[in-house]
Amino acid sequence: MAASSQVRICLLIWLIGIASSLDLVSSANTAVTPDSNQLSPGFYNLKCPLALPTIKAAVIAAVLKERRMGASLLRLHFHDCFVQGCDASVLLKDTTTFKGEQSALPNVNSLRGYDVIDNIKAQLEKWCPGVVSCADIVATAARDSVVVLGGPAWDVRLGRRDSTTANLSAANSDLPSPFLDLSGLIAAFEKKNFSVDEMVALSGAHTIGQSRCSLFRSRIYSEQNIDPAYARSLQGQCPRTSGVGDSNLSPIDTTPNFFDSTYYRNLMNKKGLFHSDQQLFNGGSTDSKVSQYASNPLLFRIDFANAMVKMGNLGTLTGTQGQIRKVCSSVN
Ligand code: HEM
Ligand SMILES: *[C@@H]1O[C@H](CO)[C@@H](O)[C@H](O)[C@H]1NC(C)=O
Ligand SMILES: *[C@@H]1O[C@H](CO)[C@@H](O)[C@H](O)[C@H]1NC(C)=O
């Protein structure tokens, strides 16, 4: 008796999962306009109805195991999209004859979450072989990560295909450095067709995750526009001299496991971790947007979600372009 009612509850949960993945429940009221680039949220409804529930379950499990993984999966999507588009190029591992993006300066010993994506892909290859692209898995996992950590939800437009190439030099040149000034940040995002306001919204991703000492050392020892107590607390984990301690981790935000808008309040209190973060509130043209997001968390959530949809549309392969990889780390 107990067993059969358990089965019924499981079935119900499963059906809700399917229904929500079919956009019958969660997105009934959101207008879904087709993109010029042909992506659509319902792309897998008939082709692989278990795709979205499988990804969501795997992301929840990964984040329960390690909270930071949510941040890592979000960053993985960003580093995919900013380099020749959201085409899973970042997942391709180096071989003797192929040099991918994973050894690029912003990625090496830094980018994480590859295993989580590989594991999701392996599950989906059992349910629906050759159907779900690695690029779509990354995009969906990024959204699910943000949601699990308390951030906004958005409909992920789907139907991306996977690249057969990667571009190491583009990864080195197009991913913004934490040592950039405001003008450099604006230029890096402008190159991908983002407005300054969208750049400020996307930067709010630094509300979750961790960073290595080598990337903010110069800020905490020699910059003036930093809260002294905040700098001192970071110095405890990040010794002045480079070398030992370079890879020591510190939280990227004061609440690194929650997708909230404290990032912006911290900037206003001179508690940005990276030089680049603090550039957004340093007496320049982006100050007003930062104050707005600090005082209006809901506005941040809406703008972040919209900017993520736009980022997810960067340079996508569709139709018969590229391929659906069997394994995300290598081409077919
Ligand atoms: C505005 C320009 C940006 C710069 C200069 C920048 C730079 C960085 C750096 C240096 C790290 C630490 C890496 C390490 O410790 O190895 C980091 C972490 C992170 N970045 Fe950014 N980033 C930027 C924008 C973004 C955007 C647009 C997103 C996502 C939409 C994002 C998401 C993240 C996340 C979630 C982490 C933490 C990752 C983890 O804990 O594994 N960043 N970023
Ligand atoms: C790789 O990226 C560089 C720098 O953005 C670009 O000049 C080059 O054309 C790209 N290579 C290929 C094969 O797309
Ligand atoms: C930005 O927009 C221009 C004009 O529509 C387009 O040609 C270009 O490919 C876009 N760049 C990116 C990175 O999407």
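Numbers here simply count residues along the sequence, with the first being 1. We count ligands from 1, going down the list as the structure has it; atoms in each ligand are counted the same way.
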query = Could you state the interatomic distance from CZ (Arg212) to SG (Cys238), rounded to the nearest 0.5 Å?
reply = 11.5 Å
query = Can you tell me which residue and heavy atom of the protein come closest to atom 41 (O) of ligand 1, and the distance to 0.1 Å?
reply = Ser72 OG, 2.7 Å
inquiry  = I need the atoms of ligand 3 closer than 4.0 Å to a non-hydrogen atom of Lys191, numbered in the order shown.
reply    = 13 (C)
request  = Ignoring hydrogens and angles, tell me if any N or O in the side chain of Asp162 forms a donor-acceptor pair with the backbone of Ser89 under 3.5 Å.
outcome  = no
task = Answer yes if the ring centres of Tyr263 and Phe300 are under 6.0 angstrom apart, and no otherwise.
result = no
task = Pull out every atom of ligand 1 sitting under 4.0 Å from any heavy atom of Leu215, numbered as shown with elements.
result = 10 (C), 12 (C), 13 (C), 14 (C), 15 (O), 16 (O)
query = If you measure from each heavy atom of Phe189 to ligand 1, is any distance below 4.0 Å?
reply = yes
Taking atom 22 (N) of ligand 1 as the reference point, the nearest protein heavy atom with its distance = His206 NE2, 2.9 Å
message = Does the plane of the ring in Phe194 sit parallel, tilted or perpendicular to the ring in Phe82? Use 30° and 60° as the thresholds.
response = parallel
remark   = Among non-hydrogen protein atoms, atom 11 (C) of ligand 1 lies closest to Phe274 CZ, 3.4 Å
request  = Apply the side chain to side chain contact (heavy atoms under 4.5 Å, CB included) test between Met308 and each candidate in Asp303, Val156, Leu74, Val146; give the one that qualifies.
outcome  = Leu74
ask   = Any salt bridge between Lys56 and Asp144, counting N to O under 4.0 Å?
value = no
remark   = for atom 24 (C) of ligand 1, nearest protein heavy atom and its distance come out as Phe78 CE2, 3.4 Å
query = Any chance the side chains of Arg325 and Ser163 put a donor and an acceptor closer than 3.5 Å?
reply = yes
task = Identify, for atom 35 (C) of ligand 1, the protein heavy atom at the shortest distance, and state residue, atom and that distance.
result = Ala71 O, 3.2 Å
task = Note the single closest protein heavy atom to atom 3 (C) of ligand 1, along with its residue, its atom name and the distance in Å.
result = Pro176 CG, 3.8 Å
request  = For atom 29 (C) of ligand 1, grab the closest protein heavy atom and report residue, atom and distance to one decimal in Å.
outcome  = Ala205 CB, 3.3 Å
request  = For Pro178, take its heavy atoms, then give the atoms of ligand 1 lying under 4.0 Å from any of them.
outcome  = 5 (C), 10 (C)
request  = Would you mind running through ligand 1 and noting each atom that sits below 4.0 Å from a heavy atom of Ser203?
outcome  = 1 (C)
Atoms in ligand 3 flagged as close to Asn193, the criterion being non-hydrogen separation under 4.0 Å = 1 (C), 2 (O), 3 (C), 8 (C), 10 (C), 11 (N), 12 (C), 14 (O)
inquiry  = With the threshold set at under 4.0 angstrom, would you say Ile208 reaches ligand 1 through any of its heavy atoms?
reply    = yes
task = Run the numbers for me: atoms of ligand 1, each under 4.0 Å from some heavy atom of Arg68, listed by number.
result = 39 (C), 40 (O), 41 (O)
inquiry  = Please give me the minimum heavy-atom distance between Asp253 and Thr207, naming the atom from each residue.
reply    = OD2-O, 3.3 Å
inquiry  = Give me the residue, atom name and distance of the protein heavy atom closest to atom 5 (O) of ligand 2.
reply    = Ala170 CB, 3.8 Å
inquiry  = If you count heavy atoms of other groups shown closer than 6.0 angstrom to CD of Gln237, is the number above 12?
reply    = no
note = If you scan protein heavy atoms around atom 38 (C) of ligand 1, the nearest is Arg75 CD, 3.8 Å
key: Backbone or side-chain N or O of Asn109 under 3.5 Å from ligand 1 N or O   = no
inquiry  = Below a 4.0 angstrom heavy-atom separation, can you tell me which part of Ser177, side chain or backbone, both or neither, approaches ligand 1?
reply    = backbone
inquiry  = Regarding Tyr230 and Asn266, do their side chains bring together a donor and an acceptor under 3.5 Å, going by distance alone?
reply    = no
Close-contact set for ligand 2 against Asn167 heavy atoms, below 4.0 Å = 1 (C), 2 (O), 3 (C), 8 (C), 10 (C), 11 (N), 12 (C), 14 (O)
task = Pick one of side chain, backbone, both or neither for how Ser276 approaches ligand 1, counting any non-hydrogen atom pair under 4.0 Å.
result = side chain
query = Of the backbone atoms (N, CA, C, O) and the side-chain heavy atoms from C-beta on, which set of Leu180 has a member under 4.0 Å from an atom of ligand 1: side chain, backbone, both, or neither?
reply = neither
ask   = Looking at ligand 1, does any of its N/O atoms fall within less than 3.5 Å of an N/O of Ser110?
value = yes
query = Backbone N or O of Lys270 within a donor-acceptor pair of the Asp227 side chain at under 3.5 Å?
reply = no
query = Can the positive tip of Arg67 be found less than 6.0 Å from the middle of the six-membered ring of Phe258, inside 45° of the ring normal?
reply = yes
query = Any non-hydrogen protein atom below 4.0 Å of atom 7 (O) of ligand 2?
reply = no
